[in-house]
Amino acid sequence: MNQKNEEDLYAMRHSLAHIMATAVQHLWPEAKFGVGPVVQNGFYYDVDLGPTALSEVDFEKIESEMRKIIKENQPFVRSERSIDDAIGWADERNQPYKHELLNDLKRAGTTIAKDLDVNELGLAASGDAALDVVSFYTNGDFEDLCRGPHVASTGVVGAFKLMRVAGAYWRGKDTNPQMQRLYGVAFATQEDLEEHLRLLEEAKKRDHRKLGKELDLFTFSELVGAGLPLFTPRGTLLREKLAGYAEQLRRQGGFARVSIPHITKTDLYKVSGHWDKFGDELFLVQSQETSDSFALKPMNCPHHNQIYASQPRSYKDLPIKYFETTTVYRDEKTGELGGLSRVRSITQDDSHAYCQIEQVEQVVQGLVKDVRAIYDEQLGMPLRARLSFRDESNKYLGDPVLWEQAQATIRELAQSNELDYFEAEGEAAFYGPKIDFMASDALGREHQVATIQLDFVQPERFELEYIDVDGQAKRPVMVHCALLGSIERFLSVYIEHTAGWFPFWLAPEQIRILTINDTVLPYVEKITSILSGTILNEPVKYNELRFSVDDRNESLGKKIREATAMKIPVQIIIGPKDVAAEEVSVRTQQGEQKLPLDELAGFLRTL
RNA sequence: GCCGACAUAGCUCAGUGGCUAGAGCGGCUGUUUUGUAAACAGCGGGUCGUGGGUUCGAAUCCCUCUGUCGGCUCCA
């Protein structure tokens, strides 16, 4: 889309937000308005209707009122007021939220709210200068504080549809009142809108929760609890192969596997600093034997630190690298759980490298290489790198000079590796900056997968040391890394990325032999003994073939249908003709081909 | 945790105060041994998520809890 069209679309969507607000004001005159920006594919407006709860049954009413306003073709008229007049305007109309925004504009020239882009409503404010004059837009009987731009009149706003209503805290703070956010999508033409709705339907088919059920990968149980996925044999194979690959890369990078218990005395987290920061998200475990209180581990680093601390370390030993695929447990708020993207039992392919500050670059570089090996080379998943840096708040621990140095190192590495990166202030962990790698799900929502994090705080708190060349004890720096991240969350994105068609080396069931009748069974045994003796070594070493035989008394058509529904990458069809010719009929997504039996193993190794 | 919606057979769904709650697929049994995306017939299968309430009568209306979905907030 060219820039002109994009600007037009923006103005349309923004104008529709005003039109929706106009309709809401007609229907609920007591409505108090928050903000109404343009978002991806559409717009929203936050409204406070007091005790009135909106639901989707109200959409028809609102949409029909909107259509009325559109039909009237009301011009959008810009006007200006001094900031004090504007505040008076807000008070007269009993609009406390607008009053608050205007106050901020008056004071600081910006509306420092996380979910707001000043561009959406905040006039040309950079945040440093107080404003004297603000602009308004009027259409019909509705007037709103707004920078614009808008379309000329309500008649030219393209095609739209209200999608959903959701609660949203005023200015994104959970201590503020909750408003009702009305979401709509909007496009230049009806065809574009329908295309968008069709894409949403397509995305639903790839939804990992739906595919998880259809492909028999994982399940949930009300008795076990929310956010606690149970992996079936197929799902477990998928996890194991992925984790195995991540482990193989780690071993090549010099990481040694360690193993820790899943609980600990809570003292561990009092030392690490996690208790103060995340204590309310710990699952607590009470011993019946001692007075100690325990917790399920919510992360692995403090445990690993104790392995590091178990003996004196020399600079000659560094970097010391530990690795483990293990599950952590976090008592996430119930409303935040969803599918595999957000769970309470989280399996991480977690590693910790302890190194000298001068070694950080080299360690991180090795891990970036691993990230690329998995996502670029093997899986073909595009990632965006988020450089998560500190902001000005005081929630971060550690020496600010070290922080600056580390953030600079990270930026350089992002540049030298030509990552598709952006910087995000305020996204750092409390102990250090990080590179978070983000992948998108079927609906385009971004999820963090891989992460590489620097940490200056835990070595200090656990008094980790090594003896340097000068005989002095020094603090190592920790580099945390998960390549897959949470395997659960990784799978949620990856299942949607592939729509369930996993590459051959990963597929839980790689091959299914479909028989045409029972006369071929002795020949099928010859095939299965070949398959049993064939082992893949790329990209995961010693990967035995996983196959099954469908010799049920069913039609071939049905067997093909079911194998395809299960997205089994290789179907081998065996009938009397194949037996006679000493061949196999191999069906893949690319089509079907006949192969001499003795070429089967070689062919499979090329997949 | 907050706001809104939803929960009927293994799966996908119909049934919005009134007879014994239905369909398709899957399952089981029998027949059929089949060459490229669903053979045919028969038979099973549900305390309508849980607990309470309203009513002569509740899958259907109200409340609680559990779980799910869309957002918000949070994410070591």
Side-chain angles (χ1 to χ4, degrees), chain A residues 44 46 48 53-58 114-115 163-183 204 207 209-210 213-214 216 219-228 269 272-282 297-302 328 330-339 341-343 346 348 350 427-432 434 436 443 445 447-448 451 453 455 457-458 480 482 485-486 489 514-521 551-565 571 573-578 585 587 591-592:
Chain A
Y44 70 76
D46 285 346
D48 178 351
L54 290 176
S55 76
E56 292 179 17
V57 298
D58 297 305
K114 193 175 161 192
D115 64 334
M163 297 299 282
R164 56 183 60 98
V165 56
Y169 298 108
W170 167 237
R171 311 188 81 171
K173 284 191 68 169
D174 61 0
T175 48
N176 281 342
Q178 196 160 38
M179 310 186 71
Q180 302 191 70
R181 179 167 295 175
L182 279 163
Y183 281 96
K204 264 192 212 164
D207 188 309
R209 294 166 293 205
K210 183 171 149 71
K213 188 175 279 180
E214 288 172 2
D216 189 22
T219 187
F220 288 89
S221 153
E222 223 173 279
L223 282 174
V224 173
L228 298 168
Y269 302 127
S272 70
H274 290 99
W275 182 262
D276 286 336
K277 204 147 168 61
F278 299 108
D280 56 343
E281 288 185 41
L282 290 180
K297 67 179 160 82
M299 85 289 298
N300 306 306
C301 27
V328 298
R330 297 178 186 174
D331 195 1
E332 305 280 4
K333 309 222 181 314
T334 50
E336 291 158 354
L337 302 171
S341 352
R342 195 73 180 269
V343 292
I346 304 156
Q348 302 174 322
D350 202 6
E427 291 289 341
F430 72 88
Y431 47 65
K434 44 182 187 160
D436 294 319
L443 287 172
R445 298 176 295 199
H447 300 271
Q448 181 198 309
T451 181
Q453 315 183 348
D455 187 346
V457 172
Q458 288 198 53
H480 308 243
S486 146
R489 181 158 53 193
L514 314 180
T515 61
I516 284 172
N517 63 36
D518 290 349
T519 66
V520 304
L521 291 177
D551 58 3
R552 290 175 306 161
N553 179 9
E554 297 286 357
S555 68
L556 178 62
K558 182 162 182 168
K559 292 179 183 183
I560 289 174
R561 183 184 162 85
E562 290 184 6
T564 307
Q571 300 166 14
I573 294 161
I574 300 299
K577 291 177 210 162
D578 302 288
S585 303
R587 213 183 127 101
E592 185 169 327

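Each chain gets a letter, A, B and so on, in the order its sequence line appears, and its residues count up from 1.
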Could you provide the dot-bracket string of RNA chain B, using ( ) for intrastrand pairs, [ ] for crossing pairs and | for bases paired to another strand, with Watson-Crick or G-U pairs below 3.5 Å? (((((((..((((....[...)))).(((((.......))))).....(.(((..]....))).))))))))....

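If you take atom C1' in rC6(B) and the same atom in rC65(B), they sit 16 Å apart, rounded to whole Å. Straight-line distance between the C1' atoms of rU60(B) and rA14(B): roughly 14 Å, to the nearest whole Å. With both ends at atom C1', the span from rU31(B) to rU16(B) equals 44 Å, rounded to whole Å. Between rU29(B) and rG44(B), the two P atoms lie 15 Å apart (nearest whole Å). rA58(B) and rC19(B) have their C1' atoms separated by 15 Å, with the value rounded to a whole Å. Taking atom C1' in both rG45(B) and rG10(B), one finds a spacing of 10 Å when rounded to whole Å. Nucleotides rG35(B) and rG71(B) place their P atoms 48 Å apart, quoted to the nearest Å. For the P atom pair drawn from rG15(B) and rA7(B), the interatomic distance equals 11 Å after rounding to whole Å.
Of the listed nucleotides (rC72(B), rG27(B), rA76(B)), rA76(B) has the atom at the smallest distance from the side chain of Tyr431(A). Nearest nucleotide to the side chain of Lys333(A), out of rG1(B), rG4(B), rG35(B): rG1(B). With distances taken from any side-chain atom of Pro298(A) to the nucleotides rA76(B), rA5(B), rG71(B), the minimum falls on rA76(B). You'll find that the side chain of Asp518(A) is closest to rU33(B), out of rA76(B), rU33(B), rC72(B).
Side-chain atoms of Asp58(A) come within 3.5 Å of backbone N or O of Ser55(A) as a donor-acceptor pair. No donor-acceptor pair closer than 3.5 Å links the side chain of Arg330(A) to the backbone N or O of Ile346(A).
Evaluation of the salt bridge (Lys or Arg N to Asp or Glu O under 4.0 Å) rule for Lys434(A) yields Asp436(A) as partners, not counting sequence neighbours. Residues forming a ring-ring contact (aromatic ring centres under 6.0 Å, His included) with Phe278(A) (at least two apart in sequence, or on another chain): none. Scored by the ring-ring contact (aromatic ring centres under 6.0 Å, His included) test, His480(A) finds His352(A), Tyr431(A) as partners (sequence neighbours excluded). The side-chain contact (heavy atoms from CB on, under 4.5 Å) test applied to Arg552(A) returns Asp550(A), Glu554(A), Lys559(A), Glu562(A), not counting sequence neighbours. Take Lys204(A) and apply the side-chain hydrogen bond (donor to acceptor under 3.5 Å, both in side chains) test, not counting sequence neighbours, and it matches Glu201(A). Partners of Glu281(A) by salt bridge (Lys or Arg N to Asp or Glu O under 4.0 Å), not counting sequence neighbours: none found. Applying the side-chain contact (heavy atoms from CB on, under 4.5 Å) criterion to Asp216(A), with sequence neighbours excluded, gives Thr232(A), Arg234(A), Met566(A). Among residues two or more places apart in sequence or in another chain, the ring-ring contact (aromatic ring centres under 6.0 Å, His included) test is passed with Phe220(A) by none. Considering only residues two or more places apart in sequence or on other chains, Lys210(A) meets the side-chain hydrogen bond (donor to acceptor under 3.5 Å, both in side chains) condition with Glu214(A).
With hydrogens and angles ignored, a donor-acceptor pair under 3.5 angstrom links the side chain of Arg342(A) to the base of rC74(B). Evaluation of atom-type donor-acceptor distances gives no pair under 3.5 Å for the side chain of Tyr44(A) against the base of rG71(B). Not a single donor-acceptor pair, N or O on each side, falls under 3.5 Å between the base of rC3(B) and the side chain of Gln180(A).
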Before giving the answer on side chain to side chain contact (heavy atoms under 4.5 Å, CB included), spell out for Asp578(A) and Val520(A) the whole-Å C-alpha distance, their side-chain angles and the decisive distance to 0.1 Å. CA-CA 9 Å; Asp578(A) 302 288; Val520(A) 304; over 6 Å; no

What do the steps show when you test Lys333(A) against Asp280(A) for side chain to side chain contact (heavy atoms under 4.5 Å, CB included), and what is the final call? CA-CA 10 Å; Lys333(A) 309 222 181 314; Asp280(A) 56 343; 4.3 Å; yes

Carefully, step by step, assess Ile573(A) and Glu592(A) under the rule side chain to side chain contact (heavy atoms under 4.5 Å, CB included). CA-CA 10 Å; Ile573(A) 294 161; Glu592(A) 185 169 327; 4.1 Å; yes

Could you list all N or O pairs between the protein and nucleotides 59-69 of chain B that sit under 3.5 Å apart?
unit_1: rU66(B); atom_1: O2'; unit_2: Glu222(A); atom_2: OE2; d: 3.3
unit_1: rC69(B); atom_1: OP1; unit_2: Arg209(A); atom_2: NH1; d: 3.2
unit_1: rC69(B); atom_1: OP1; unit_2: Gly339(A); atom_2: N; d: 3.2
unit_1: rC69(B); atom_1: O3'; unit_2: Arg209(A); atom_2: NH1; d: 3.4

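Atom CZ in Arg164(A) sits about 5 Å away from atom C1' in rG70(B), given to the nearest Å. Gln448(A) places its CD atom 10 Å from the C1' atom of rA76(B), with the value rounded to the nearest Å. The interatomic distance linking Asp174(A) (CG) with rC3(B) (P) rounds to 13 Å, in whole Å. In this structure, Asn176(A) places its CG atom 12 Å from P of rC74(B), rounding to the nearest Å. Rounded to whole Å, the distance from CG on Asp48(A) to P on rC2(B) is 18 Å. Protein atom CG of Leu54(A) is 18 Å distant from nucleotide atom P of rG71(B), rounded to whole Å. Atom CD in Gln571(A) sits about 14 Å away from atom C1' in rG35(B), given to the nearest Å. The NZ atom of Lys210(A) sits 9 Å away from the C1' atom of rU12(B) (whole-angstrom rounding).
Within 4.0 Å of Lys213(A), counting heavy atoms only, lie sugar-phosphate atoms of the nucleic acid but no base atom. Gln453(A) comes within 4.0 angstrom of sugar-phosphate atoms only, judged by non-hydrogen atoms across all strands, and of no base. Nucleic acid contact for Lys204(A): none, since no nucleic acid atom lies under 4.0 Å from a heavy atom of the residue. At the heavy-atom level, Phe430(A) lies nowhere under 4.0 Å from the strands shown. Across all strands, Leu514(A) comes closer than 4.0 Å to no nucleic acid atom at all (heavy-atom distances). Across all strands, Asn517(A) comes closer than 4.0 Å to base atoms (heavy-atom distances).
Along RNA chain B, the nucleotide closest to Glu336(A) and the one closest to His274(A) are compared, and the more 5′ of them pairs with Glu336(A). Between Val165(A) and Lys559(A), the residue anchored nearer the 5' end of RNA chain B, judged by the nucleotide with its closest heavy atom, is Lys559(A).
When the side-chain nitrogen and oxygen atoms of Lys173(A) are compared with OP1 and OP2 of rC72(B), none of them lie within a distance under 4.0 Å.
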Letter per nucleotide, 5' to 3', of nucleotides 36-41 of chain B [B base touched, S only sugar-phosphate touched, - untouched; heavy atoms, 4.0 Å]: BBBB--

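If you take CG on Asp46(A) and CD on Gln180(A), they are separated by 10.0 Å, rounding to the nearest 0.5 Å.
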